[in-house]
Amino acid sequence: MAIFFDDPVQVLTQRFEAAIRAAFPAVSGAVEALISPSRQPQFGDFQCNAAMSLAKVVGGKPRDVASAIVAKVDLSDIAEPLSEKSIAGPGFINIVLRGDALASGVVGMDAGTGLAALGVVPASKVETVVVDLCGVNLAKQMHVGHLRSTVIPDAIARVLERLGHKVIRQSHLGDWGLPIAMVTGKLMEELNAGRIKPEALTLDRLEVMYREAQAECERDMKGMEAVRRYGLGPKAEAELEAQVSWATENFTRAKGVLLKLQSHDKATVAVWQLIYDITMRACIETVTRLHANVTLEHTAGESTYSEELAPLVRDLLDRKVAEVDQGAVVVRVPGLEVPCLIRKSDGGFLYATTDMAAIRRRVQKLGASRVIYGVDIRQSLHFQQAFGAAIKAGYARLPDGSDAKLEHAAFGTVLGNDGRPFKTRSGDNVKLWDLLDEAVNRARAAVNERSSGFSEEERGKIAEAVGIAAIKYVDLSSERSKDYVFDFDRMLAFEGNTGPYLLYALVRTRSIFRKAAEEKLDGGWRDAAIVIKEPAEKALALTLLRYGKVLESVAQSTEPHRLCVYLFELATAFSAFFDQCKVLFAPDEATRRSRLRLCDITGRVLADGLGTLGIPTVERM
RNA sequence: GUGCCCGUAGCUCAAUUGGAUAGAGCGCUGCCCUCCGAAGGCAGAGGUUGCAGGUUCGACUCCUGCCGGGCACGCCA
């Protein structure tokens, strides 16, 4: 009888490490068994790759080392007997698990509950992790870029939570500074002049005003220079001078508004608050539709740091962490050519200043030992500077004297079919809401075509879930630091490696139980013994058993696409199993119950995995 | 000019952080629904991993130099 175990990798690691110690007692220090699932079935189920590196240490031939390990390792209760034939190539040891051992592993996935469900091993050291995500700006719609900055870090946060870590989401809202003051000033004028009623104000209108306000402060210095250099005449010069002085006037007024905001002037703050409320209402609506866990409580805008900036710079100057350079205040970061600029020569602060304050708050007040930034890769230099400066300043210092891990989970750009950043034909950013609409509309067409027997309302719900799943899966499924080409046709083809394919596999794991109930064949499977005989059953079991390790790898690497790849492989293994192994019409009662239980566990891993990615699921489609 | 990232099948992407004969999907060629959901499964064709060296028992992965593309580079955020 096979022993009871959850994770073959863990059991094999223990057995092989013991064998290595026994075979080579002279080897000091840690030994690594280097157990991994085999890539191809012909090389067995798992392999031990320790012999090659060990040969160097003990000074023998790798294959002899492998023989020595094989002679010492005891796998009789869980694997086919090892022999010289198990040693292949330069010294790989191939391991074929026994069906009953595999079965007990799958049954083991059902033993845990809560965080320990489905073979997941909760983190032994619970970390407090701040995940920076979303990053929207006041008076601006969410656009394609925010798809990534919301979906990717939310998935990372969910994986960490799934492993039992304490996660604090923080949306670093762009709600402060001169641009915000500009639009605040402009809105005040419009309101005072009675041209806009507060209750009729929309985010679209605000965004237009934002752009106008910025344009009105834009001084055409290049034009001015050109006019002077080429002597284009007094008329052109006069026109430009008028433009520049007008823009300067607007600029000065905006600075005045910023000062009023900073001094908490009631009327000004009230208008700012109006912009804030309208923006956040729209933002939360979009994020909710995206099935991302981002709420108002997660919002920590730049404005909340504004009072801390001046003292922070003073602190750094006092402690000689920062220095004055050409009138500005900079922190020189070891290993970086360009210093981190934290105060302009006019006394204003920069976003690096705010980010340093944010790191300080996140580590010192929120207690994070790890801070993960889900932000565009183009800001990587900025984060190198900010992280380096914060560490130099001691702001990331933990009670035990080490520094918190500061990580930039950088993502690439969403491109259009032309290979350029995804924009509308007129060159504007695509509104995230419109993008979701388009995905859902296309999903609806597919649902109408393929799904029958659903009410209008049900079809709507399915289309919504399928569309959102498709769009999120595309964003999560390729390596995050790379750019990817956004293509509705491919994404909603619903074939191959897509969100809908995964939903389809999940739905099939569920529908078998509806069918079983109809046929009165749904009894006795819940505690049934699992029997692994067919190749498709074995492949499915081996895939199921990898789940916990995959989550750990995502938590460590902050790369959600690994979970996507895994779920696709699981869905594929299930589809093959479902095709090749009759469940309800299995040859005997025991096999039917075993296979029903396999369907159930597969369905729950798929649902758990999709949920951990933040992808919505359906029961039927 | 300096720095960072990328280059894998016709196209879009993987490759268990250095492991075996580089895998999927789309597209292409064939099969498989009187049979649990064909948004599925099975099989086939398709590769000098940009190029040239180096380290290693072993390199898509690490190092050096080129070629090609992208991005970022102190007073915007």
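So you know, we letter chains A, B, ... as the sequences are listed, proteins then strands, and number each from 1. Since the structure is predicted, the reported quantities are computational estimates derived from the model, not experimental observations.
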[X] side chain to [Y] main-chain N or O, any donor-acceptor pair under 3.5 Å?
{"X": "A:Arg459", "Y": "A:Arg444", "result": "no"}
{"X": "A:Gln141", "Y": "A:Glu207", "result": "no"}
{"X": "A:Asp483", "Y": "A:Thr413", "result": "yes"}

Which is more 5' along RNA chain B, the nucleotide nearest A:Gly89 or the one nearest A:Tyr501? Just name the residue.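 Mapping each residue to its closest nucleotide by heavy atoms, the 5'-most match is A:Gly89.
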How close or far is atom [atom2] of [N] from atom [atom1] of [X], stated in whole angstroms?
{"X": "A:Lys140", "N": "B:C76", "atom1": "NZ", "atom2": "P", "value": "16 Å"}
{"X": "A:Met491", "N": "B:A39", "atom1": "CE", "atom2": "P", "value": "19 Å"}
{"X": "A:Gln556", "N": "B:U16", "atom1": "CD", "atom2": "P", "value": "13 Å"}

Candidate nucleotides [options], ranked by approach to the side chain of [X] - the nearest:
{"X": "A:Glu302", "options": "B:C35, B:A77, B:G40", "answer": "B:A77"}
{"X": "A:Phe585", "options": "B:C36, B:G19, B:G40", "answer": "B:C36"}
{"X": "A:Tyr504", "options": "B:C75, B:A39, B:A20", "answer": "B:A39"}
{"X": "A:Val485", "options": "B:A39, B:G19, B:C13", "answer": "B:C13"}
{"X": "A:Ile377", "options": "B:C5, B:G37, B:C76", "answer": "B:C5"}
{"X": "A:Gln326", "options": "B:C75, B:C73, B:C36", "answer": "B:C75"}
{"X": "A:Arg490", "options": "B:C36, B:C76, B:U12", "answer": "B:U12"}
{"X": "A:Ala576", "options": "B:U17, B:C36, B:C42", "answer": "B:C42"}
{"X": "A:Met52", "options": "B:A39, B:G41, B:C57", "answer": "B:C57"}
{"X": "A:Phe568", "options": "B:U16, B:A24, B:C42", "answer": "B:A24"}

Mark yes or no for a side-chain to base donor-acceptor pair under 3.5 Å between [X] and [N], with no hydrogen or angle criteria applied.
{"X": "A:Ser451", "N": "B:A39", "result": "yes"}
{"X": "A:Ser511", "N": "B:G37", "result": "yes"}
{"X": "A:Ser478", "N": "B:C13", "result": "no"}
{"X": "A:Asn94", "N": "B:A20", "result": "yes"}

On a whole-Å scale, what distance lies between the [atom1] atoms belonging to [N] and [M]?
{"N": "B:A77", "M": "B:A14", "atom1": "C1'", "answer": "35 Å"}
{"N": "B:C13", "M": "B:C31", "atom1": "C1'", "answer": "27 Å"}
{"N": "B:A39", "M": "B:U48", "atom1": "C1'", "answer": "38 Å"}
{"N": "B:A43", "M": "B:G25", "atom1": "P", "answer": "10 Å"}
{"N": "B:G68", "M": "B:C6", "atom1": "C1'", "answer": "11 Å"}
{"N": "B:C42", "M": "B:A24", "atom1": "P", "answer": "10 Å"}
{"N": "B:A20", "M": "B:G27", "atom1": "C1'", "answer": "31 Å"}

Check A:Met142 against A:Cys134 and note the closest heavy-atom contact, atom names and distance.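 That would be CE-SG, 4.0 Å.
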Gap between atom OG1 of A:Thr304 and atom CG of A:Leu173 - 0.5 Å precision: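 The CG atom of A:Leu173 sits 9.0 Å away from the OG1 atom of A:Thr304.
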Base, sugar-phosphate alone, or nothing: which one does [X] contact when heavy atoms must sit under 4.0 Å apart?
{"X": "A:Leu178", "result": "nothing"}
{"X": "A:Glu569", "result": "nothing"}
{"X": "A:Asp487", "result": "nothing"}
{"X": "A:Lys582", "result": "base"}
{"X": "A:His561", "result": "sugar-phosphate"}

Neighbour count above 12 (heavy atom, 6.0 Å) for A:Glu323 CD: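 Counting neighbours around CD of A:Glu323, more than 12 heavy atoms of other residues, nucleotides or ligands fall under 6.0 Å, so yes.
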Within 6.0 Å of CD in A:Glu337, more than 12 heavy atoms from elsewhere: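 No - once you tally the heavy atoms of other residues, nucleotides and ligands closer than 6.0 Å, there are 12 at most.
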Hey, does the side chain of [X] come within less than 4.0 Å of [N]'s phosphate (OP1/OP2), counting only N and O?
{"X": "A:Gln580", "N": "B:G41", "answer": "no"}
{"X": "A:Tyr351", "N": "B:A77", "answer": "no"}
{"X": "A:Lys482", "N": "B:U12", "answer": "no"}
{"X": "A:Arg378", "N": "B:C4", "answer": "no"}

When you check the glycosidic angle of B:C28, does it come out syn, meaning within 90° of 0, or anti?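 Classified anti.
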Tell me whether B:U49 sits syn or anti, counting syn as a glycosidic angle within 90° of 0.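 Here B:U49 takes the anti form, which means its glycosidic angle is more than 90° from 0.
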Give none if [N] has no partner; otherwise give the nucleotide forming a Watson-Crick or G-U wobble pair with it, both distances under 3.5 Å.
{"N": "B:U29", "result": "B:A43"}
{"N": "B:C4", "result": "B:G70"}
{"N": "B:G37", "result": "none"}
{"N": "B:G53", "result": "B:C63"}

Aro-ring/base stack A:Phe92-B:G19, d under 5.5 Å, angle under 30°: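 So A:Phe92 does not count as stacking on the base.
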Ring centre gap for A:Phe387 and A:Tyr373 strictly below 6.0 Å: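 For A:Phe387 and A:Tyr373, the ring centres are under 6.0 Å apart.
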